[in-house]
Amino acid sequence: MAKGIKVGDEVAIMATVRQRVTEDRVSVSIPSYGFPHSIVDRTSTLKKGQSIELTGDVLRVDEKTVTVNLSPPVTVDIGAVRLVTSYVPPMRKKPLIDKAD
């Protein structure tokens, strides 16, 4: 499902809403991540049991796991992520060395 993911790619993780913690924060359950995670939700439309898509940049890739920056970084199984945007390094317009006349 997540073949070809590399560092810098933008990926999405499907999470399930657990409960509303405060007026602007929601606790979510992320698959294959054993800790609770909370996100900011100012719309207050999310209800318990709903699915939400969390997006972030890939920080590290192993054979079976991916670390995604969701503030804080979250390490999940590679099958739990979906590639949104592949990272393309910037292209240089000028050469690194100036040519002397």
Side-chain angles (χ1 to χ4, degrees):
M1 178 176 184
K3 293 241 180 200
I5 290 181
K6 57 190 180 296
V7 174
D9 290 348
E10 185 179 8
V11 295
I13 300 172
M14 291 302 291
T16 305
V17 175
R18 295 175 58 196
Q19 67 182 1
R20 182 159 294 279
V21 180
T22 62
E23 290 182 14
D24 62 342
R25 292 198 81 74
V26 175
S27 176
V28 295
S29 174
I30 299 173
S32 73
Y33 183 65
F35 304 98
H37 186 74
S38 68
I39 59 170
V40 175
D41 175 47
R42 290 182 168 73
T43 62
S44 71
T45 58
L46 292 176
K47 304 291 181 201
K48 183 177 180 178
Q50 279 185 327
S51 294
I52 185 169
E53 188 174 77
L54 306 175
T55 59
D57 296 327
V58 174
L59 299 175
R60 186 173 149 212
V61 179
D62 290 336
E63 293 177 9
K64 297 180 181 180
T65 61
V66 176
T67 302
V68 181
N69 186 15
L70 294 178
S71 298
V74 173
T75 302
V76 296
D77 290 340
I78 200 162
V81 298
R82 178 180 59 85
L83 181 65
V84 175
T85 307
S86 184
Y87 175 74
V88 178
M91 298 298 218
R92 272 194 200 281
K93 296 186 182 193
K94 291 184 175 180
L96 287 173
I97 301 172
D98 291 335
K99 295 183 180 180
D101 290 322

Enter the distance from K64:NZ to T75:OG1 here, rounded to the nearest 0.5 Å. 15.0 Å

For residues V21 and F35: do they belong to one hydrophobic cluster (side chain heavy atoms under 4.5 Å, members Ile, Leu, Val, Met, Phe, Trp, Tyr)? no

Reference residue S32; test side chain to side chain contact (heavy atoms under 4.5 Å, CB included); the match among I13, V76, T65: V76

Shared ILVMFWY cluster between V88 and L59, side chains joined below 4.5 angstrom? no

Any idea which heavy atoms bring D57 and G8 closest together, and the distance? OD1-O, 4.3 Å

Side-chain heavy atoms under 4.5 angstrom apart, residues restricted to Ile, Leu, Val, Met, Phe, Trp, Tyr: same cluster for Y33 and I52? yes

K48, NZ atom: more than 12 neighbouring heavy atoms under 6.0 Å: no

Got a second to check how far T67's OG1 is from R60's CZ, nearest 0.5 Å? 5.5 Å

If you count heavy atoms of other groups shown closer than 6.0 angstrom to CD of E23, is the number above 12? no

Under 3.5 Å, is there a donor-acceptor pair linking the side chains of S27 and S38? no

Pairwise side-chain contact, V68 with L54, heavy-atom cut-off 4.5 Å (strictly under): no

Taking all atoms of both residues into account, what is the closest heavy-atom pair of T55 and L70, and its distance? O-CD2, 3.5 Å

State whether a side-chain donor-acceptor pair under 3.5 Å links S29 with R18. no

V61 and V58 have their tightest heavy-atom pair at CG2-CG1, 3.5 Å

What one should report as the nearest heavy-atom pair of Y87 and P90 is OH-CD, 3.7 Å

Interatomic spacing from NZ in K47 to CZ in R20 - rounded to 0.5 Å: 7.0 Å

Using every non-hydrogen atom in the two residues, find where D24 and T22 come nearest and quote the distance to one decimal. OD1-OG1, 2.9 Å

Looking only at heavy atoms, what is the nearest atom pair of S71 and H37, with distance? O-CE1, 4.2 Å

Side-chain contact, heavy-atom cut-off 4.5 Å: V40 with R25? yes

